[in-house]
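Reviewing the structure listed below.
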Amino acid sequence: MRKIDKSKILSAVYKKWEEALENNQEHHPQYTASHRFHKDIVMNLYHIQGGLCAYTEMKILASEYDYDEANWIKGRFKKGKSKHLGQLEHFDPKLKTDYPKSWLWDNLFMVLNEVNHEKADKPTDSILKPDRPDYDPYELLDYDFEKHIFFANIKSGKLSQSEIDRINKMIDVLGINFVKDWRKKYVSERIKALEFGIIPDPAEEYMTAFEITRRNLNL
Amino acid sequence: MRKIDKSKILSAVYKKWEEALENNQEHHPQYTASHRFHKDIVMNLYHIQGGLCAYTEMKILASEYDYDEANWIKGRFKKGKSKHLGQLEHFDPKLKTDYPKSWLWDNLFMVLNEVNHEKADKPTDSILKPDRPDYDPYELLDYDFEKHIFFANIKSGKLSQSEIDRINKMIDVLGINFVKDWRKKYVSERIKALEFGIIPDPAEEYMTAFEITRRNLNL
Amino acid sequence: MKVSELYIKKYHQFEDFTLNLTYPEGHKLAGQPLNKVCFIGQSGTGKTTLLNVLKVIILSIKKEIQEGHKNIMIGQSDYGDMSIDIFHKNGCIKIGLYNVHMRNGSYYAVQCEKDNIVELQSEIWFKLFNYPSDIDLPKNLYALRNKAELIDNPKLKDELIINFENYNIGQIWETINETVIEDRETEIRKSLEISRLLKDPINSKELIDKATNDFRKWREETPNPIQDLADNYLDKIIGRFNLKVKTELDFEKKEDIETIKIQQKNGKEIPFEALSTGTKQVILTALPLYGLKPKDSIILFDEPERSLYPDIQTEIVDFYTSMAENSQFFFATHSPLVAASFEPWEIVELKFNEETGNVEQELYYDVEKGRHVDNYIIYPQYLTYDGILKRVFDMKNEPNNLRMNELVKLATLESQLKHNKLSPEAKKEKFEEIIKLADQLDWDLK
Amino acid sequence: MKVSELYIKKYHQFEDFTLNLTYPEGHKLAGQPLNKVCFIGQSGTGKTTLLNVLKVIILSIKKEIQEGHKNIMIGQSDYGDMSIDIFHKNGCIKIGLYNVHMRNGSYYAVQCEKDNIVELQSEIWFKLFNYPSDIDLPKNLYALRNKAELIDNPKLKDELIINFENYNIGQIWETINETVIEDRETEIRKSLEISRLLKDPINSKELIDKATNDFRKWREETPNPIQDLADNYLDKIIGRFNLKVKTELDFEKKEDIETIKIQQKNGKEIPFEALSTGTKQVILTALPLYGLKPKDSIILFDEPERSLYPDIQTEIVDFYTSMAENSQFFFATHSPLVAASFEPWEIVELKFNEETGNVEQELYYDVEKGRHVDNYIIYPQYLTYDGILKRVFDMKNEPNNLRMNELVKLATLESQLKHNKLSPEAKKEKFEEIIKLADQLDWDLK
């Protein structure tokens, strides 16, 4: 799970609306995919996330032209529907279901459909929240290149047992290992190439898994 | 497939009988498991093979006491039935079915039931015959520690393409990779132990796979 | 109540055969009867026979209790002595069928360890559901309504034995349908009442408002049975087939009220007879559990995987068991995907003992160390598909022999790339060949 | 003859649907019809529908040829226009069922591309076998002999359509049995002749020797049908169930001649009604193929995996196809083990197109590169069980979610062993914990 910087706002009209709600301490309207700002949020997140799922780093939006900056006019997204495999996800499910803050920018990410579905309303722990300012995947996560799964980073020796348990729990909740079979194929082929002295093209998805493995293997 | 030295004869009565047939150029009697020398041969082979299948090195006779030298009296095996998973196998099937030489010592091995069954009457090539004087598994075979299969040794650079093909063909015929799942478990655990600096007990089966892997990994 | 032990003295391939059906030591339910059991084993090892033995004993107990007979020949005597331990709220009791020799002759009779069974009735009573493997799925449900047999449709809710060897499973549909039709009729009646009020200009706004509010209140307070059926049961599973239960009441002709309808997710209605075998099976087998809401019951299920695509097979056990409160399920299956739903101690694997010709249970724990959760070796829930097929179903090697030859080919290519001296172009070519073959083999390059 | 293409204009979820049923470019049989085809896909995608469409067209063609009708309503017209390309020794021809509008009304009729079908009879004729998924297995074969229906037992050998929706599959047993009984009767007659000779001291040694030699010669030259049935067909597969066909003629009472008997490998006879569902199914479905020896036939088989243990599922396709010369088999299955018997181009995977709601074929080759063996991506025969379930049956992840949590636990333990500073004892203990968990997960330590 890469670190995500959500400061780049293209859907400015939505953001202004959201900030007004927050400043006035108003309840948000109920969450629905037909809300006028829904697509604006989705595409702004895709722009920020580079078309990848926020948790698994799987490519879920095929074309990068779909989230090109040129598609926003006066703070609103103007292009038609895009083909993608994602859903707008509320990191903390309580902020969605009780809907006082269903449209809070900080709580929203684009993730793979199945990951959102499996996560459902399980409670979350912000120890693994990709846009937290001090979130560092290389400090918190390790990648097992045999099982192709992420797990809490023990090798640094910096994490306590309770932090390790919290991280492993969140890896499960966020479904970070759900894509392991796809990730396995992608990462292995690139690592194998490196081992044979072939330089692969830059990774387009699963870059954290690839990078941790590269470091672990000193390649 | 380990090298096998068949010179140690405990079932001397059988061997004398076999040599007489050969010297007089007589046809052998038809092969049957109820023949009076059948058990003598089986147990002599188990003694020589250390209770392992000649081709796969799987342990197919549980107790080494069963083939102890003390069980032979005056050149005949005297103990009762043993529990084992093997069958008496004719390396060259033609020498069995046409039965001029069904009881030829040189052509007989003890192997895992299923391996004998799968091999059936497929033609053989003595390039992989475990008792051939110049047979050297480390020269002819390599072991892939990821797939846990034997394949022709390419790394030495000594084998021609046609030899490589003949060896791979015989690996299939002799069913050497049939036991890969059992072998995988056994060999991996021992290699893993070595990697962690733990010295495992001496291997009781699959020693060739273990030894090639140990050398390949410089452990 | 639940069964905590099954014993067969001698019947077919079973001889002095005891099944411990409790949770092992170290389990939070240690000593209590298993909530679900899965029989697996090669054809002919007797999975269906065990389901039948349970059925026969339970049917006999029912007969004994209902008719109060003692020492009377019940069922076939070729079953021989057999018994079950019944775990109920006040303890555990052994009840069985035994050959009894008395002065006036021999009997095959129900006997209870120490008490009179009839007296135990209140403590041990329960329903039995039996789903055989060859359930007859009606081709068309609508036609049923006209059949004479429906006139005698028993009140299934009151029956203690729901045995689909005898019942036509389509009858259940009718039973559930009754509540659905009743709800629809009420909704139509109420709608007509309101429109009658509206039609007449004499009625005051207050009257109309009150009627409208009453109607809304009724709908809020009265759960719509079809909505419950859809949301809580069927849609969860038939969603996989791109289907859902039609919950809206579209009234165009009177037939629209008469039955539960299935539609595609895009809204297109599918007539029942056009549904696939698998879909029909899931719907028809789930309905009796949904409609009759078993409690403290024993449910026998032979081959639940029939006609189902693998994804549904992995969910079907959870689906069925979620529908019965405090009940005990016995499944018999050939499906590794069904077996993956069970804890190690819930699986009863049957195997031929080649020496005796009898069938024995293959134990999944280290017998020397004892029946404790820590000593179990095989965990179907932790395994991959390969693991289940190889470790639980004893499959040797891969589904097809061709794979092995291709693996040797791949190892050879890799070794050539590693050890042969190749030009950069030849290297790249060989590497692409490796990638392609590895992909065909689904082999992850490491 | 074989079918090389199937076309459906509009029927249920199929619209403008074409199946290419030939071997692809680059295959040694390129362009020729597939010898076997396997339909797979989620419930409701129409596997059984495709088998039915093939059946309906072929039955209609048969009717047309036999009765010489032209433009006559045949079967249900709701099938709409559909056709098959028939590949026969003199070429390939399209025959279909079409809605035909003529001056005197509309018809649903069999039509042939250019020729009169009746004239093509000799070139395109063949038998059709249809095995539906819900074949009714008789509980007891012996009882059949007395049933009235047997009086009208058609000469199955002469029938062109063997459709087990209509035929009782038990009847076939009787047909094969006739040859077995005949052989047994001959052997008994000949034995009695010899013993009559031996009984009378007047007969010369030469005469007795000659009769003995004649007897031996007869047995050598006349294949014993029961031995052939056992060695070449049934024993291969029922051996898995610890069973074999009884080949010795033990005559104790006249019933011993009357039927084929099944016994355990240790010699114990098993009455037919005591055989398991899976065993009965294999025996009863194989017998028609064995007894009628199909040639140039089309054989439809829905859910051949029913009631079979995984090991038999991997062999069942080879088993059936080995029994029919130059025939074309169409299977529909939910079993990954059955699917592993097929080459990539022999599999027809059906999928819902969520936008149109129609069903389409999922192509296993790179469409841009073309239908050539080199461009196929999915090779079911090369895959592990995991590979087939994930790549062919689109299963996501493992059969049970619990596995993932345990894998994270294992990775954590390994990392602790590697990176934490542990005493040699703690190291050994951690290592044993790892070995135990890895074993439960069937994870090979690398």
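So that the names make sense, note that chain A is the first sequence line, chain B the second, and so on, each numbered from 1.
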**Prompt:** Are there more than 12 heavy atoms of other residues, nucleotides or ligands under 6.0 Å from atom NZ of D:Lys428?
**Reply:** no

**Prompt:** Measuring heavy-atom distances to chain D, does A:Asp142 have an atom under 4.5 Å in its side chain, in its backbone, in both, or in neither?
**Reply:** side chain

**Asked** Within a reach of under 6.0 Å around CD of A:Glu204, are more than 12 heavy atoms found that belong to other residues, nucleotides or ligands?
**Response** no

**Asked** In terms of heavy-atom contacts, does NZ of D:Lys9 have more than 12 from other residues, nucleotides or ligands at under 6.0 Å?
**Response** no

**Message:** Looking at D:Glu406 and A:Lys147, is there a salt bridge between them, counting it only when a charged N and a carboxylate O are closer than 4.0 Å?
**Reply:** no

**Request:** Evaluate whether atom NZ of A:Lys169 has more than 12 neighbouring non-hydrogen atoms of other residues, nucleotides or ligands under 6.0 angstrom away.
**Result:** no

**Working for side-chain contact (heavy atoms from CB on, under 4.5 Å), residues D:Trp443 and A:Glu146** = CA-CA 10 Å; D:Trp443 177 262; A:Glu146 286 163 358; 3.8 Å; yes

**Prompt:** Is there a side-chain contact between A:Lys180 and D:Glu398 (heavy atoms, below 4.5 Å)?
**Reply:** yes

**Interface moiety of A:Asp144 toward chain D, non-hydrogen atoms closer than 4.5 Å** = side chain

**Prompt:** Can you tell me if NE2 on D:His419 sees more than 12 non-hydrogen neighbours from other groups inside 6.0 Å?
**Reply:** yes

**side-chain contact (heavy atoms from CB on, under 4.5 Å) assessment of D:Lys418 paired with A:Ile154** = CA-CA 9 Å; D:Lys418 217 166 167 177; A:Ile154 288 152; over 6 Å; no

**Prompt:** Looking at CZ of A:Phe151 and CG of D:Leu407, how far apart are the two atoms once the value is rounded to the nearest 0.5 Å?
**Reply:** 11.5 Å

**Message:** Would you say CD of D:Glu429 has more than 12 non-hydrogen atoms from neighbouring residues, nucleotides or ligands within 6.0 angstrom?
**Reply:** no

**Message:** Applying side-chain contact (heavy atoms from CB on, under 4.5 Å) to D:Val408 and A:Ile149, what does each step give before you reach the verdict?
**Reply:** CA-CA 7 Å; D:Val408 168; A:Ile149 55 175; 4.1 Å; yes

**Asked** Which region of A:Phe178, side chain (C-beta onward) or backbone (N, CA, C, O), has a non-hydrogen atom less than 4.5 Å from a non-hydrogen atom of chain D, or is it both or neither?
**Response** both

**Message:** For the OG1 atom of D:Thr412 and the CD atom of A:Gln161, what is their distance to the nearest 0.5 Å?
**Reply:** 8.5 Å

**Item:** D:Lys390, part contacting chain A, at a heavy-atom distance under 4.5 Å
**Value:** side chain

